[in-house]
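FYI, side chains are in, hydrogens and waters are out, and symmetry mates aren't considered; it's all heavy atoms of this structure.
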Amino acid sequence: SAFPSRLSFMRALLRDLRANDATLERGRFELDDDGFGRAVYTVSIAEHSYSLVAFSTPLAPEDRTDRVIAEAWDSSFVLYDGIPDTDELERLAGAAPRQEVGRYRRTDLVLSRANRSVRLFDHVVDRLAEGLQPDRDTIGSIGYLMRTTAVYGNGKFGIADRNVIVERPVVRGAFRAEMLAVWLIRTFTHDLVEHIAQRRSPATAAKLTPDLKRHLGIGNATGLGMAPFLVSHPELLNNWVLARETALARVCAVRVAEPDTHRRFHELLSRAMLHVGQWRVDDQAQMKRILELRQDLAEVQSAVDGRFVSTAEPWARLMAIAPRWSTECGELLVSLLLETHPHLVDGLADCMTADESGRLDPAMTVSELRDLLDRHWQWATTINFQEPENCRRFWYTSEDKLEPRLGDRFEEAGAELERPLDVARRVSELATALSSIDGDEIVAAVVLAQPGLRLAVQRVQASDHLPYGEIQDNLIAANCRPIDMLRFKLSFFGASKFDPKSDLWTRVTLFQGAPLFDELGSTTDDDWWLPVLHD
């Protein structure tokens, strides 16, 4: 039920671009009348330059799909380390449109692809060619001209490993390079529709108004590929949540809210109500939650009047009564409160990375390890994994696309290829194994004798200093809903308008409402939380 906040990576990225006086240049824009060709956008940050290399290619309607099994896309992209010369552009032209089966170098930081939202894309081009602006309701109902079906970083498919950029300003943060690529892709989509409209009707073509441009973000179709990351990176997960919880604690510790803060809170609450009012999905379960959220927010507006916020510790009292409303409402209120106090929150965005070592403490005794199990892992050790429904699922990686998949252990082959995302079961097995081992024995001896317990030992030891490092649920149970993990992670990216398509994948919108590049540094460039499109 999480929502984007000031700590989301997209928000932090744009603040850092502004703080580092970043510049943007469109070095190449070699597109034909139909918008096919290539373009290069270069962002300069301190002594480094990063170029989005975009390729726009014809795509037959029957080949257009959001599924990861696709082999062709309307556009493909590489975020390049530096400014590519002609030879490098030719190399990328042969690789990027092929995506996973291309060959890449350490200069290639991010790999992505996108498809047009055909109905809105064509509508926008048609209207601009006639000298008119697109229909606002149509833009509001869709919100993007293209949607990405993957944004790969961190060494996947042979692109640069993260250590290439980990010390660099702006892009050193979690997923910053990927978000920079998406923001530049958004710029390309704006330029693309204007270019096609101008070529179609040079005498009448119009350009998009700035407010419509800002509301046109980038769509994203996200499936199971995102979910295992949260399990595989407990220290990073911990630091994300710890930063948010620290920010919330700081805000709740505010004893007196100033009048300007009162006004800001109610302004943001009104915006949230408009945003939620414009949020519609086909999924019946999520739409029911949205309808409940609309009602909850109306009650919040009535409850948090001038007297409420003028009394001591208003935000702590608000969070104390938040459980009377839905989880969606409580999570939205957390993001809203963080938005009202940027000076208490923004610096924590620099604390959301991790140097993950995964080291094991070999000298810890079995008795000490048991104590950790008792303190932190009863949620796992009390699950009965002899029950088929508690171990029905298994996670594996597809051979063709190297993407995570979920199988049925009792109906499908392949369980021997299971990925180690069954943390709860492994810890439960560790607890059973430790029950027959002397408490003075050290962990090193246990792991040497039973190597299969090593991962569980590492997770249990880490839990003592990573309070938010584990998803405290059984991820191989029959009722596991990966989409909840996807929404949680996407909220940290800064995504909004969650649109579930099943328990396994969702559509979202990225950078909707975000400033355009020439707006960085304006007085409102960081005021785009939960954007709305006004009439």
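Taking both residues in full, the closest heavy atoms of D422 and R426 are given as OD1-NE, 2.8 Å, listed atom of the first, atom of the second, then distance. Across all their heavy atoms, D440 and D438 have their closest contact at N-OD1, 2.8 Å. In terms of heavy atoms, S232 sits closest to L421 at OG-CD2, 4.1 Å. Of all non-hydrogen atoms in W315 and H341, the two that sit nearest each other are NE1-CE1, 3.1 Å. Between A2 and S491, the closest heavy-atom pair is CB-OG, 3.2 Å. When all heavy atoms of A72 and L59 are compared, the closest pair comes out as CB-CD1, 3.6 Å.
Look at D484 and R481 and you find a salt bridge, because one of the NZ, NE, NH1 or NH2 atoms lies within 4.0 Å of a carboxylate O, short of that distance. Note on R168 versus D81: salt bridge recorded, some NZ/NE/NH1/NH2 to OD/OE distance being below 4.0 Å. For the pair R359 and D361, the salt-bridge criterion is not met [side-chain N within less than 4.0 Å of a carboxylate O]. The pair R172-E167 does not count as a salt bridge, with every side-chain nitrogen at least 4.0 angstrom from each carboxylate oxygen. Taking a cutoff of 4.0 Å between a charged side-chain nitrogen and a carboxylate oxygen, E418 and R425 qualify as a salt bridge. A salt bridge does not link E412 with R393: none of the charged nitrogens is closer than 4.0 Å to a carboxylate oxygen. In summary, K288 and E328 do not engage in a salt bridge, as defined by a charged side-chain N under 4.0 Å from a carboxylate O.
There is a side-chain donor-acceptor pair under 3.5 Å between Y80 and E88. A donor-acceptor contact closer than 3.5 angstrom is absent between the side chains of W529 and S335. Looking only at atom types and distance, the side chain of D296 has a donor-acceptor partner in the side chain of S326 under 3.5 Å away. T506 and T222 share no donor-acceptor pair across their side chains, judged by distance under 3.5 Å alone. Between the side chains of R113 and T149, at least one donor N or O lies within less than 3.5 Å of an accepting N or O. There is a side-chain donor-acceptor pair under 3.5 Å between S1 and R289.
More than 12 heavy atoms of other residues, nucleotides or ligands lie within 6.0 Å of CG in N384, so this atom counts as buried by the packing criterion. The environment of CZ in R106 is sparse: at most 12 heavy-atom neighbours from other residues, nucleotides or ligands sit within 6.0 Å. Atom CD of E399 is surrounded by 12 or fewer heavy atoms from other residues, nucleotides or ligands within 6.0 Å.
For T148 (side chain) and N220 (main-chain N/O), no donor-acceptor pair under 3.5 Å exists by modelled atom type. Q99 contributes a side-chain N or O that, together with a main-chain N or O of S112, makes up a donor-acceptor pair within less than 3.5 Å. Remark: side-chain polar atoms of R409 are paired, donor with acceptor, to backbone N or O of C391 under 3.5 angstrom. Put simply, the side chain of R405 never gets that close to the backbone of G225: no donor and acceptor are under 3.5 Å apart. Side-chain atoms of D473 never come within 3.5 Å of backbone atoms of L475 as a donor-acceptor pair (strictly under, hydrogens ignored). Proximity of a side-chain donor or acceptor of E368 to a complementary backbone N or O of M364 within less than 3.5 Å is not detected. Side-chain N or O atoms of R186 include one that pairs as donor or acceptor with a backbone N or O of A514 at under 3.5 Å.
Under the 6.0 Å distance and 45° angle rule, R487 counts as a cation-pi partner of F498.
Inter-residue side-chain proximity for T42 and Y50 is flagged as unmet; no heavy-atom pair is nearer than 4.5 Å. A 4.5 Å side-chain heavy-atom check between L237 and K489 finds every atom pair outside the cut-off. At a threshold of 4.5 Å between non-hydrogen side-chain atoms, the residues L490 and M226 count as touching. For the pair Y396/P404, no side-chain contact is recorded, criterion being any heavy-atom separation below 4.5 Å from C-beta on. Inter-residue side-chain proximity for F9 and E178 is flagged as unmet; no heavy-atom pair is nearer than 4.5 Å.
By the 30° and 60° cut-offs, the orientation of the rings of H233 relative to F229 is parallel.
For the atom pair H376 NE2 and T381 OG1, the distance stands at 12.5 Å (nearest 0.5 Å).
Taking the centre of each ring, F511 and F493 stay at or above the 6.0 Å mark.
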- request: Begin with the C-alpha distance, continue with both residues' side-chain angles, and end with the deciding distance and a verdict on side-chain contact (heavy atoms from CB on, under 4.5 Å) for R147 and T509.
  value: CA-CA 8 Å; R147 58 179 172 267; T509 308; over 6 Å; no
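Among the candidates D16, D346, D526, the single residue satisfying the side-chain hydrogen bond (donor to acceptor under 3.5 Å, both in side chains) test with R11 is D526. When F157, Y104, F175 are each tested for a ring-ring contact (aromatic ring centres under 6.0 Å, His included) with Y152, only one passes: F157.
R103 pairs by the salt bridge (charged side-chain N to carboxylate O under 4.0 Å, His left out) definition with nothing, not counting sequence neighbours. In terms of the side chain to side chain contact (heavy atoms under 4.5 Å, CB included) criterion, residue partners of N238 (sequence neighbours excluded) are, by chain and number, L242, L466, P467, Y468.
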